[in-house]
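Working notes, beginning with the structure itself.
Just so it is clear, the model here is predicted, and its values are computed rather than measured. Letters go in sequence order (proteins before strands), and every chain restarts at 1.
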Number of protein chains: 2
Amino acid sequence: MSGRHPGSAVTGRVVEDYVKTIYTHTEWQEEPIGPSALAERLGLAASSVTEMVNKLAAQGLVSHVRYGTITLTPAGRTLALRMVRRHRLIETWLVESFGYSWDEVHDEAEVLEHTLSDRLLEAIDEQLGHPVHDPHGDAIPSADGVVMRPAAVMLRDAAEGFVGTVVRISDHSSTLLRYFASERIVLDARVQVISSRPLMLRVGDIDIQLGEEAAASIWLSLG
Amino acid sequence: MSGRHPGSAVTGRVVEDYVKTIYTHTEWQEEPIGPSALAERLGLAASSVTEMVNKLAAQGLVSHVRYGTITLTPAGRTLALRMVRRHRLIETWLVESFGYSWDEVHDEAEVLEHTLSDRLLEAIDEQLGHPVHDPHGDAIPSADGVVMRPAAVMLRDAAEGFVGTVVRISDHSSTLLRYFASERIVLDARVQVISSRPLMLRVGDIDIQLGEEAAASIWLSLG
DNA sequence: GCTATGGTTTCGGCATGCCGAAAACTCGGA
DNA sequence: TCCGAGTTTTCGGCATGCCGAAACCATAGC
């Protein structure tokens with residue numbers, strides 16, 4: 001659009017989604033994301049992603065060397081944190097104020113994170129009492145971009161016999177989320193790793209066997 | 001877009017805005033809207049409107065004869081009422097639950113009306129106790145498209161000496177809205193028409209002179 | 001009845017974002 | 001070192017919605 005002078009901060013649904021997705025990929029995993037994984041997450045063709053990433057790079061939100069991975073610049077990270085904050089605050093709000101269950105909030109938050117005004121969002125934050133994590137246990141960055149995160153291990157990597165409380169459950173799959181809830185695997189639940197292969201988890205006095213995806217979806221408190 | 005089989009109900013921000021604007025034009029005025037007036041209201045070029053109106057007509061939302069005016073079909077009216085309901089419920093909610101003043105809600109509602117899910121909207125309706133009009137006095141259609149509207153005269157058309165209560169204030173201009181508030185011209189205020197040309201209005205024990213635009217922005221109860 | 005004026009429509013163009021196919025590249029294994 | 005499988009990028013295309021300029025129409029006034 002011609003009405004945008006060069007160098008101005010260009011946002012918009014699409015930019016916001018790319019940047020947020022790039023950020024969340026590295027939130028619980030070290031290696032930066034590549035075009036095909038990003039395309040996968042966004043539900044787009046790889047060619048579309050390459051194209052868009054070039055535009056993001058031109059706007060200084062992302063750095064990307066040809067045939068390499070994609071990382072956020074400080075400006076990109078700031079925008080990403082802003083979007084993550086919005087998403088998680090909205091999820092929390094839907095659960096607290098409207099009785100959504102935590103496997104239902106994702107889609108609605110995905111839309112609203114782009115459309116609520118700052119004013120409304122801060123009013124919601126206020127009403128909620130400035131929560132620091134959402135119903136899944138994911139950290140809610142503060143308005144100025146500070147993230148508080150508890151030390152945690154992924155269940156998959158926890159040693160046999162390890163005892164801890166659940167501090168995070170990935171919201172990647174609604175099905176899994178519902179399953180966990182039905183098995184009493186919820187935030188702050190005390191659990192014990194009985195065995196690693198196959199993975200057996202004791203919750204209360206019940207032992208549950210979990211698969212690969214599940215084991216990569218739960219984080220336990222460390223210390 | 002290829003993924004849409006012919007004849008399916010196509011919605012989307014743009015369609016929703018056109019249809020809603022066509023509807024609200026005739027809400028307090030009889031003659032149907034023409035392309036240039038519609039373009040004016042939407043902030044678009046007339047040529048863009050002609051184009052889009054053709055698409056709406058092809059989808060059965062609107063009827064339009066070349067060089068003539070634009071009217072809603074039953075399907076179009078249904079969609080329009082849905083959008084009006086959403087807009088006004090959201091405005092009411094922002095005022096009631098977040099302390100927005102009524103001259104501040106419009107822009108936010110303009111965005112959110114397209115993005116809140118039905119579920120969230122109905123939850124909000126519930127929390128508000130199913131209001132039948134918004135903070136300006138505009139009717140909120142019910143979920144099944146029924147509109148309750150009080151009998152009213154536009155202030156401009158009220159006879160000298162007429163006494164009534166304010167049942168509607170047009171939200172067309174924020175400036176005007178703020179002015180009215182400062183003069184105690186609010187919903188349910190009891191007012192008297194002292195003279196017509198120039199228009200003098202008595203509110204409480206104060207007489208206020210109003211201009212053309214103001215006189216076309218206020219409706220008084222009839223009977 | 002004719003024409004001028006103003007609203008309406010057509011047309012070519014542009015920007016954004018997406019796609020699939022084909023070309024370009026990387027890197028591990030032989 | 002060379003090859004090939006798997007990624008990444010390029011390229012032409014498409015859909016949506018918008019614009020301005022030019023062509024078109026309706027009708028009021030003469």
Side-chain angles (χ1 to χ4, degrees), chain A residues 1-22 25 31-59 61-71 79 83 110-111 114-115, chain B residues 1-22 25 29 31-59 61-71 76 79 83 110-111 114-115:
Chain A
M1 103 140 51
S2 54
R4 210 88 84 173
H5 48 81
S8 73
V10 181
T11 60
R13 281 205 60 117
V14 176
V15 172
E16 290 169 357
D17 277 336
Y18 273 80
V19 163
K20 187 190 67 171
T21 306
I22 294 165
H25 177 85
E31 324 107 58
I33 199 168
S36 61
L38 184 49
E40 166 74 32
R41 288 225 188 181
L42 291 169
L44 301 175
S47 56
S48 308
V49 168
T50 295
E51 213 169 60
M52 193 64 200
V53 163
N54 285 333
K55 292 179 189 169
L56 298 184
Q59 304 195 344
L61 294 171
V62 135
S63 39
H64 174 233
V65 287
R66 283 165 60 89
Y67 298 100
T69 56
I70 302 154
T71 48
L79 178 56
M83 295 317 295
E110 203 63 38
V111 176
H114 304 292
T115 62
Chain B
M1 106 145 46
S2 53
R4 209 89 83 172
H5 49 81
S8 73
V10 180
T11 60
R13 282 205 60 119
V14 176
V15 172
E16 290 168 357
D17 277 337
Y18 273 79
V19 164
K20 189 191 68 173
T21 305
I22 294 166
H25 176 85
Q29 200 167 323
E31 323 109 56
I33 198 168
S36 60
L38 184 49
E40 167 73 32
R41 288 225 187 180
L42 291 169
L44 301 176
S47 57
S48 308
V49 168
T50 295
E51 213 169 61
M52 193 63 201
V53 164
N54 285 333
K55 292 177 187 169
L56 298 184
Q59 305 195 343
L61 293 171
V62 134
S63 39
H64 175 233
V65 286
R66 283 164 62 89
Y67 299 99
T69 57
I70 302 154
T71 48
L79 178 57
M83 296 317 296
E110 203 63 38
V111 175
H114 304 291
T115 62

Dump every N/O contact between nucleotides 2-4 of chain D and the protein below 3.5 Å, one line per pair.
none

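With sequence neighbours excluded, the residues forming a salt bridge (charged side-chain N to carboxylate O under 4.0 Å, His left out) with A/Glu110 are A/Lys20, listed by chain and number. Not counting sequence neighbours, the partners of B/His114 by the side chain to side chain donor-acceptor pair (under 3.5 Å) test are B/Glu16, B/Asp17. Under the side chain to side chain contact (heavy atoms under 4.5 Å, CB included) criterion, B/Ser63 pairs with B/Thr71, B/Thr73, sequence neighbours left out.
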Pairs of donor and acceptor atoms involving the side chains of residues 50-57 of chain A, under 3.5 Å and at least two apart or interchain, shall be tabulated with distances.
residue, atom, partner, partner atom, Å
A/Thr50, OG1, A/Ala46, O, 3.4
A/Asn54, ND2, A/Thr50, O, 3.4

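The heavy-atom pair separating A/Ile70 from A/Gly34 by the smallest distance is CD1-C, 4.0 Å. In this structure, B/His64 and B/Pro35 approach most closely via the heavy-atom pair NE2-CG, 4.4 Å. Smallest separation of non-hydrogen atoms from A/Arg41 and A/Thr21: CB-CG2, 3.7 Å. The shortest non-hydrogen separation linking B/Leu61 to B/Leu79 is CD1-CD2, 4.3 Å.
The nearest whole Å value for the distance from the CG atom in A/Leu38 to the C1' atom in D/dT7 is 14 Å. Here D/dT10 presents its C1' atom at 14 Å from NZ of A/Lys55, a figure rounded to the nearest Å. Regarding B/Asp17, its CG atom lies at a distance of 17 Å from the P atom of D/dT16, rounded to whole Å. Summarising the geometry, the separation between CZ on B/Arg13 and P on C/dG17 is reported as 15 Å, rounded to the nearest angstrom. In this structure, A/Glu40 atom CD and D/dT7 atom C1' are separated by 14 Å, rounded to whole Å. The interatomic distance linking B/Leu44 (CG) with C/dC14 (P) rounds to 20 Å, in whole Å. Remark: C1' of C/dA15 and CE of A/Met52 are 12 Å apart, rounded to the nearest angstrom.
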Summary of protein contacts for nucleotides 2-11 of chain C, nucleotide by nucleotide, where a base hit scores B, a sugar-phosphate-only hit scores S (4.0 Å, heavy atoms): -----BBBB-
